[in-house]
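Here is the naming used below: chain letters follow the sequence lines, and residue numbers restart at 1 for every chain. Everything numeric in this text was worked out from a predicted model, so none of it was measured.
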2 protein chains.
Amino acid sequence: MKKSSENAADLSARIAGEIRDAIVAGRLIVDERLPSEAELANQFNVSRSTVREALKRLAAQSLIRTQRGATGGAFVNRLRFEDAYGQQITTSTLLLSMNEVSFDVACEARFAMERACAPLAAERRGPDHLARMRAEIARQQQPDLSDEAFCDSDVAFHRALVDAAGNPVLSYQLAGAVEGMLPLMNMITFTARSRENILRLHIEITDALERHDADAVTEALSALETYTLQLGQQVIVARSARNG
Amino acid sequence: MKKSSENAADLSARIAGEIRDAIVAGRLIVDERLPSEAELANQFNVSRSTVREALKRLAAQSLIRTQRGATGGAFVNRLRFEDAYGQQITTSTLLLSMNEVSFDVACEARFAMERACAPLAAERRGPDHLARMRAEIARQQQPDLSDEAFCDSDVAFHRALVDAAGNPVLSYQLAGAVEGMLPLMNMITFTARSRENILRLHIEITDALERHDADAVTEALSALETYTLQLGQQVIVARSARNG
DNA sequence: TTTTTTCATTTGTCTGACATTTGGGCTTGC
DNA sequence: GCAAGCCCAAATGTCAGACAAATGAAAAAA
């Protein structure tokens, strides 16, 4: 009747689960020091190695940090967005690359969420956001830019757009969606013609954002979705042709 | 110049990073067996304990699974949504509970993403989704329902709505947003009056979904956002009054 | 051929040891 | 009294070796 994750699992997994629950439930608060490894080993009646394996599991999730030395130990970590970002991106990338998710589905989700940012971004965008976006547009206009660099700039452009919404939770979620698609996007060959199309839409988005026109941003994003989907299809076709 | 995460860190963190990179980059494919712990210890020139700590880190992120016995070992895990869900929810919950994010911001992000699902859900909703939603509405009408059970039902209702969009990536992202807010929502006392308001909007959403009316769904969600924000404010006020 | 037994392999856990880091307290010198 | 430097205890990081337990495959028995 217990949680399946704590039932028949390893000792280190069970112990990690107990500590994790204590953190999530607030019984252990931020920056609080956990008992030393030796003490934990006593409390749980296991060896120090087992405790250490449990602590490493928690460290991998950024739930705790460890410090060496006399006043060292394991401390409950204040989870920061930067920490969460990395995991979010890794997870999203893997979900896509392991074919658990198709390009179409990922694309749809990404642009659906990006459109969700549009009204907020149109309202709150500052001059810095517009500057970031225009800087990326300038980069994307360089004809000698590699496909990979073009993708990176594309990601940076869209992150600026999302950041303009001024909601870190949305930025966090979108980071996974956008950067997770990067490996697949990198397989696309951006012809001069396709860059021109994308660039046109990027300019359209930025201009619309500047004049606080949420509807125009949404529309341009939808057009970009259609076009991205089309480019993605070409990769799928090329890939299956190579395999078949 | 290397990645900061692999520079001055522990051996076990470095080794975990190397293996993680290999998985993300596709040099290790799904279901592939890693060398045994003893072999890895040899390859990396460290002790078995250190290798084990590295493997536990990866296991905590669901990147590998281990199996005992003669043909056992560590295998690259096919990352499934169910695995990713749990981490996503844990992370979101912590980001909120540690006050890294305010209720308002979380609420805004949640409903922005939920509105992003509305057009897709209105188009694709099946009879099962409508049935799930109506079942939750029925539960929410029971006057003797506890506040906590009401919250659970609320979450279930919104998950059905999101699932109706038929996009697992959106479901995955929303799971974190919606369930992460649950602890804070649980602090709200749902009066008869507030339940009535919420219920009315839930019915409105479901009816609109049934007749494929995306605009009406969006509108009702916006109304629900306003109302949820209002209820949340009361909790904030009550909480600060208790502390001050 | 089918069943049983044996066995090698691998992970899980424990014990004990030493290295390294680090802050606090003590000593020393002024 | 005060500051600088030294020493040391405590804690994590790493290592080596051992045994327990699980497990599938090969060998042996029916």
For this session: Would you classify A:Ser36 as touching base, sugar-phosphate or nothing, given that sugar-phosphate means primed atoms plus P, OP1 and OP2, and contacts are heavy atoms under 4.0 Å?
Result: sugar-phosphate
Problem set entry | Presence of salt bridge, A:Asp31 and A:Arg65, under 4.0 angstrom | yes
Seminar exercise, completed: Note: for A:Ser12 and B:Ala70 on DNA chain C, the residue whose nearest nucleotide lies more 5' is B:Ala70
For this session: Considering only NZ, NE, NH1 and NH2 on the basic side and carboxylate oxygens on the acidic side, decide whether A:Arg27 and A:Asp21 come within less than 4.0 Å.
Result: no
For this session: Give a yes or no on whether A:Gln142 atom CD has more than 12 heavy-atom contacts from other residues, nucleotides or ligands under 6.0 Å away.
Result: yes
Exercise. Using a cut-off of 4.0 Å on non-hydrogen atoms, how would the nucleic acid contact of A:Ser49 be classed: base, sugar-phosphate, or nothing?
Worked result: base
For this session: Just call it for A:Arg33: base, sugar-phosphate, or nothing, with non-hydrogen atoms closer than 4.0 Å on any strand.
Result: sugar-phosphate
Exercise. Quick one: does A:Arg110's side chain have a donor or acceptor within less than 3.5 Å of a partner on A:Val178's backbone?
Worked result: no
For this session: Before accepting this row, confirm whether a basic side-chain N of the pair A:Arg124/B:Glu108 lies closer than 4.0 Å to the acidic partner's carboxylate O.
Result: yes
For this session: Look only at the side chain of B:Glu32 and the backbone of B:Ile29, and say whether a donor-acceptor pair between them is shorter than 3.5 Å.
Result: yes
Exercise. When you list every nucleotide of DNA chain D with an atom under 4.0 Å from a heavy atom of chain B, which one comes first 5' to 3', and which comes last?
Worked result: D:dG13 to D:dG24
For this session: Determine, for B:Arg139 against B:Asp152, whether the closest basic-nitrogen to carboxylate-oxygen distance falls under 4.0 angstrom.
Result: no
Exercise. Start at the 5' end of DNA chain C and walk down; is the nucleotide closest to A:Asn45 or to A:Arg68 reached first?
Worked result: A:Asn45
Seminar exercise, completed: Span of DNA chain C engaged by chain A, first through last nucleotide within the 4.0 Å heavy-atom cut-off, is C:dG12 to C:dG23
Seminar exercise, completed: Note: A:Ile89 and A:Ala175 closest approach over all heavy atoms is CG1-O, 3.9 Å
